[in-house]
Amino acid sequence: MSLEFELLAQRLEKVRQIRELGYEPYGRRFDFTHTLGEIRRHWGDKSAEELEPRVQVRVCGRIHTLRLMGRAGFAHLMQEGERLQIYVRSDAVSERDYKLFRMLEPGDIIGAEGYLFRTRTGELTVHVERLEFLAKTLLSMPEKWHGLEDVETRYRQRYLDLIANPEVRRIFLIRSRLISSLRRQLEKRGFMEVETPMMQPLYGGAAARPFVTHHNALDIDLYLRIAPELYLKRLIVGGFDRVFEINRNFRNEGISTHHNPEFTMLEFYQAYTDYRGLMDLSEELLRQAALDATGSTVVEYEGHRLDFSRLSRYSMREAVVEFWRGPGRPTLDDVRDPGWLSRHSTRATPGEALVDIFERVVEEQLIQPTIIYDFPVETSPLAKSKPDEPDFAERFEIIIGGMEVANAYSELNDPQEQRRRFDEQLRMRARGDEEAHQMDEDFLRALCYGMPPTGGEGIGIDRLTMLLAGASSIREVILFPLLRPEGPIGLADRLRELDR
RNA sequence: GAGCCGGUAGCUCAGGCGGUAGAGCAUCUGCCUUUUAAGCAGAGGGUCGCGGGUUCGAGUCCCGCCCGGCUCACCA
């Protein structure tokens with residue numbers, strides 16, 4: 001008999017004993033008077049005298065540690081990442097409650113009623129007068145010193161990670177505050193939150209391979225969206241001048257520390273502005289989001305102090321000149337010269353070569369929040385080109401910690417130009433570029449009704465969370481990152497065998 | 001997709017050059033009414049990721065596979 005099975009059998013026996021004592025091993029509603037955090041905040045710095053007259057409390061939580069002595073014992077409860085000690089002595093509770101207490105083990109969830117006091121060593125503690133049993137753990141908790149270290153188990157069983165590693169809570173708290181902050185800021189500026197299709201008959205708005213699914217009743221294939229862009233712009237056509245969406249995109253590509261197949265994007269569109277307007281807006285959004293999520297505009301990331309209070313700005317060509325490494329630093333004229341570009345990249349067009357050089361040489365050096373603007377038009381099929389330089393698009397990205405965090409542009413609203421860009425994408429597709437855009441005629445039709453000049457931007461929420469939370473892998477900021485399925489666990493069989 | 005690293009008790013980890021598989025936590029038994037990683041005494045617990053091979057003998061060496069991590073490639 002394996003240990004795991006033996007432990008399970010022991011604990012099921014305890015379930016029986018708990019029931020025999022007259023407690024419900026899987027209890028019901030427990031009306032606590034305070035969370036453990038509230039108790040720490042209200043009485044954490046009060047002296048023993050200040051805890052008179054007695055403060056009665058009802059608390060609950062999961063047992064973290066147990067220290068049993070002959071006729072008494074201590075335990076730490078955990079609730080919402082906060083810890084509080086309880087003290088149970090045999091002459092302070094009923095015989096039945098004391099029997100229950102001796103039966104508890106780390107991981108069990110209990111309720112306790114009593115009064116606050118300070119121990120000899122000064123720790124704020126609940127002197128228990130009544131115990132309630134709320135839920136039995138049947139499986140062992142991870143080790144209390146190191147927590148749960150195994151990365152695979154942490155991701156597969158995130159609930160266990162959250163129980164064992166309180167610092168993981170912090171990451172997801174930051175993520176939640178970040179999203180909340182962005183939503184609040186946009187709403188304050190008159191943006192309306194909308195939801196557009198995740199299942200799309202045509203995919204577009206980005207260059208990526210899609211996931212395909214099938215609708216039975218209509219008998220059609222549908223794609224999980226790679227971006228919401230084309231639908232959000234339809235809403236701009238329809239007269240919702242400020243819209244945003246915070247939701248998942250799906251891209252059928254490799255998994256890495258910076259890529260998860262499903263990831264969360266904020267996209268927002270504002271009529272009557274352009275990419276310059278969005279640069280200013282982005283600066284405000286990021287500054288406030290960092291502040292709301294972490295309490296500061298300066299955060300630590302992989303040994304750097306990232307300052308979210310401002311965004312440096314370089315055109316892509318300036319950035320190549322400015323961040324060139326080694327000999328042969330180009331001039332601004334060089335990076336405009338197709339000959340120079342083709343000597344430094346194998347890509348077909350000057351624009352693709354510039355992007356290639358930028359990504360190889362510059363991007364990883366952009367640690368502080370930085371705007372890179374003016375992208376070659378051939379890599380930006382949905383962006384308006386610059387009036388004085390039609391080979392370039394009014395587009396920028398925000399790069400932080402070497403990662404692309406945002407992408408924005410003045411939206412292309414000329415339907416004839418958009419049709420030409422789609423045609424070019426179709427030619428690229430015909431040459432085997434799977435990620436080139438499809439022709440979306442309904443989107444074209446929408447533009448034909450007239451879309452006001454508009455600025456649009458997407459912000460990668462996962463990557464921004466990584467930066468704000470100091471996480472080096474995107475999987476650390478996604479509660480349930482995609483993993484290969486683990487295969488049979490065998491727990492149901494064991495439970496079945498022990499169910500008598 | 002490639003390279004490197006890892007998978008040993010429920011958890012965290014040790015296991016030189018091939019020779020009877022270990023520790024701490026957790027569990028079980030006993031003692032202990034202010035402990036703090038509580039303590040003390042004892043006990044149980046192993047498909048060494050899976051499958052082959054070499055060998056008198058494999059956790060250890062070789063081959064294949066599975067799962068994970070990192071780096072690179074891919075991802076405008």
Side-chain angles (χ1 to χ4, degrees), chain A residues 1-11 13-14 48 63-76 83 85-93 98 105-107 117-123 125 127 137-157 160 163-165 206-209 226 251-261 263 316 347 349 351-356 358-359 363 372 375-383 393 395 397 403-404 407 409 425 428 433-437 472-473 475-476 481 483-487 491:
Chain A
M1 185 161 71
S2 75
L3 174 62
E4 202 181 355
F5 189 87
E6 196 178 300
L7 290 175
L8 191 58
Q10 276 172 11
R11 292 192 170 113
E13 170 58 21
K14 280 194 176 174
I63 293 176
H64 187 233
T65 57
L66 271 168
R67 291 173 292 284
L68 298 184
M69 290 162 292
R71 305 286 297 161
F74 291 88
H76 272 109
R83 246 160 60 105
Q85 185 170 256
I86 64 170
Y87 176 54
V88 181
R89 40 192 284 183
S90 56
D91 55 10
V93 297
Y98 194 71
E105 58 197 319
F117 78 111
R118 286 206 175 268
T119 63
R120 191 171 290 163
T121 54
E123 180 164 349
T125 302
H127 196 290
T137 179
L138 296 180
L139 297 172
S140 297
M141 289 295 120
E143 205 234 19
K144 66 191 169 199
W145 309 346
H146 305 88
L148 180 64
E149 298 277 346
D150 184 79
V151 177
E152 185 174 349
T153 308
R154 287 187 46 230
Y155 295 159
R156 287 197 195 282
Q157 296 178 252
L160 203 54
I163 290 170
N165 302 322
R209 284 150 64 191
I226 58 173
R251 297 187 184 173
N252 205 338
E253 288 163 355
I255 295 174
S256 78
T257 48
H258 295 59
H259 300 82
N260 194 64
F263 63 100
M316 183 175 283
R347 299 298 165 87
T349 70
E352 286 169 334
L354 177 63
V355 171
D356 177 44
F358 170 79
E359 287 178 352
E363 195 163 43
I372 298 296
F375 280 56
V377 74
E378 58 263 53
T379 62
S380 316
L382 300 164
R395 170 179 171 189
E397 285 188 354
M403 279 189 294
E404 295 173 27
N407 181 22
Y409 33 87
Q425 292 287 313
M428 290 166 63
D433 184 349
E434 274 187 87
E435 302 188 349
H437 259 86
S472 58
S473 167
R475 293 172 164 206
E476 293 292 336
L483 298 181
R484 210 175 272 281
E486 64 178 321
L491 181 59

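The sequence lines fix the lettering, A, B, ..., with proteins before strands; numbering per chain opens at 1.
Within the 4.0 angstrom heavy-atom criterion, base atoms lie near A:Arg89. Residue contacts for A:Glu435: at a heavy-atom cut-off of 4.0 Å it reaches the sugar-phosphate backbone alone, with no base atom in range. If you check every strand for non-hydrogen atoms under 4.0 Å, A:Gly147 touches sugar and phosphate atoms only. In this structure, A:Leu139 reaches neither bases nor backbone, as no heavy-atom distance under 4.0 Å exists between it and the strands shown. Across all strands, A:Pro106 comes closer than 4.0 Å only to sugar-phosphate atoms, never to a base (heavy-atom distances). Among the atoms of the strands shown, only primed sugar atoms or phosphate atoms (P, OP1, OP2) are found under 4.0 Å from some heavy atom of A:Glu359. Residue-level contact check: A:Arg347 touches neither bases nor backbone, having no heavy atom under 4.0 Å from any strand. Using a 4.0 Å heavy-atom criterion, one finds that A:Phe117 contacts the bases of the nucleic acid, with or without backbone contacts as well. Contacts of A:His76 with the nucleic acid, taken as non-hydrogen atoms under 4.0 Å apart, include base atoms.
Going from atom CG of A:Leu68 over to atom C1' of B:A26 covers 13 Å, rounded to whole Å. The distance from atom CE of A:Met141 to atom P of B:A26 is 14 Å, rounded to the nearest whole Å. The distance from atom CG of A:Leu148 to atom C1' of B:G68 is 13 Å, rounded to the nearest whole Å. For the pair A:Asp356 CG and B:C74 C1', the interatomic distance rounds to 13 Å; values are reported in whole Å. Atoms CD (A:Glu6) and C1' (B:G44) sit 6 Å apart, rounded to a whole Å.
Nearest to the side chain of A:Ser140, among B:A38, B:A26, B:C11, sits B:A26. With distances taken from any side-chain atom of A:Met69 to the nucleotides B:U36, B:C11, B:A38, the minimum falls on B:A38. Nearest nucleotide to the side chain of A:Gln85, out of B:G44, B:U36, B:U12: B:U36. Closest to the side chain of A:Pro142, from the set B:C11, B:U12, B:U33, is B:C11. If you check B:C70, B:C32, B:C67 against the side chain of A:Ser473, the one that comes closest is B:C70. When distances run from any side-chain atom of A:Leu7 to the nucleotides B:U35, B:G10, B:C28, the shortest one goes to B:G10. Across B:U35, B:C28, B:C25, the shortest atom-to-atom separation from the side chain of A:Lys14 is found for B:C28.
On a pure distance criterion of 3.5 Å, no polar donor-acceptor pair joins the side chain of A:Glu123 and the base of B:U34. In this model, no side-chain donor or acceptor of A:Asp150 finds a partner on the base of B:U12 within 3.5 Å. With hydrogens and angles left out, the side chain of A:Arg71 and the base of B:U33 share no donor-acceptor pair within 3.5 Å. At a cut-off of 3.5 angstrom, the base of B:U35 holds at least one donor-acceptor pair with the side chain of A:Thr119.
For A:Arg251, no side-chain nitrogen or oxygen approaches OP1 or OP2 of B:C74 to under 4.0 Å. In this structure, A:Lys144 does not reach the B:G10 phosphate: none of its side-chain N or O atoms is under 4.0 Å from OP1 or OP2. In terms of phosphate contacts, A:Arg484 brings no side-chain nitrogen or oxygen within less than 4.0 Å of OP1 or OP2 of B:C66.
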Are any protein N/O atoms closer than 3.5 Å to N/O atoms in nucleotides 71-73 of chain B? If there are, list each pair with its distance.
none

Could I get a table of every N or O pair under 3.5 Å where one atom is in the protein and the other is in nucleotides 3-9 of chain B?
none

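B:C13 and B:G7: their C1' atoms are spaced 13 Å apart (whole Å). Taking the P atom of each, B:G59 and B:C17 are spaced 16 Å apart, rounded to whole Å. B:U35 and B:C40 are spaced 15 Å apart, taking the C1' atom of each and rounding to whole Å. For the C1' atoms, the distance linking B:C5 with B:U20 amounts to 31 Å, nearest Å. Taking the P atoms as reference points, B:G15 lies 29 Å from B:C56, given to the whole Å. Rounded to whole Å, the P atom of B:G3 lies 48 Å from the corresponding atom of B:G39. B:U8 and B:U60 have their C1' atoms separated by 12 Å, given to the nearest Å. Rounded to whole Å, the separation between the P atoms of B:G44 and B:G52 comes to 32 Å.
With a 4.5 Å cut-off on side-chain heavy atoms, A:Glu435 and A:Glu253 count as touching. Looking only at side-chain heavy atoms (C-beta outward), A:Arg484 and A:Glu152 stay at 4.5 Å or farther from each other. A 4.5 Å side-chain heavy-atom check between A:Met428 and A:Glu378 finds every atom pair outside the cut-off. Inter-residue side-chain proximity for A:Ser140 and A:Arg11 is flagged as met; some heavy-atom pair is nearer than 4.5 Å.
Of the nucleotides present, none pairs with B:U36 by Watson-Crick or G-U wobble criteria with both distances under 3.5 Å. Across all strands shown, B:C70 forms a Watson-Crick or G-U wobble pair, both distances under 3.5 Å, with B:G3. Of the nucleotides present, none pairs with B:G16 by Watson-Crick or G-U wobble criteria with both distances under 3.5 Å.
In summary, the side chains of A:His76 and A:Arg67 do present a donor paired with an acceptor at a separation below 3.5 Å, with no hydrogens or angles considered.
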Side chain to side chain donor-acceptor pair (under 3.5 Å) between A:His146 and A:Glu149, worked out
CA-CA 7 Å; A:His146 305 88; A:Glu149 298 277 346; over 6 Å; no

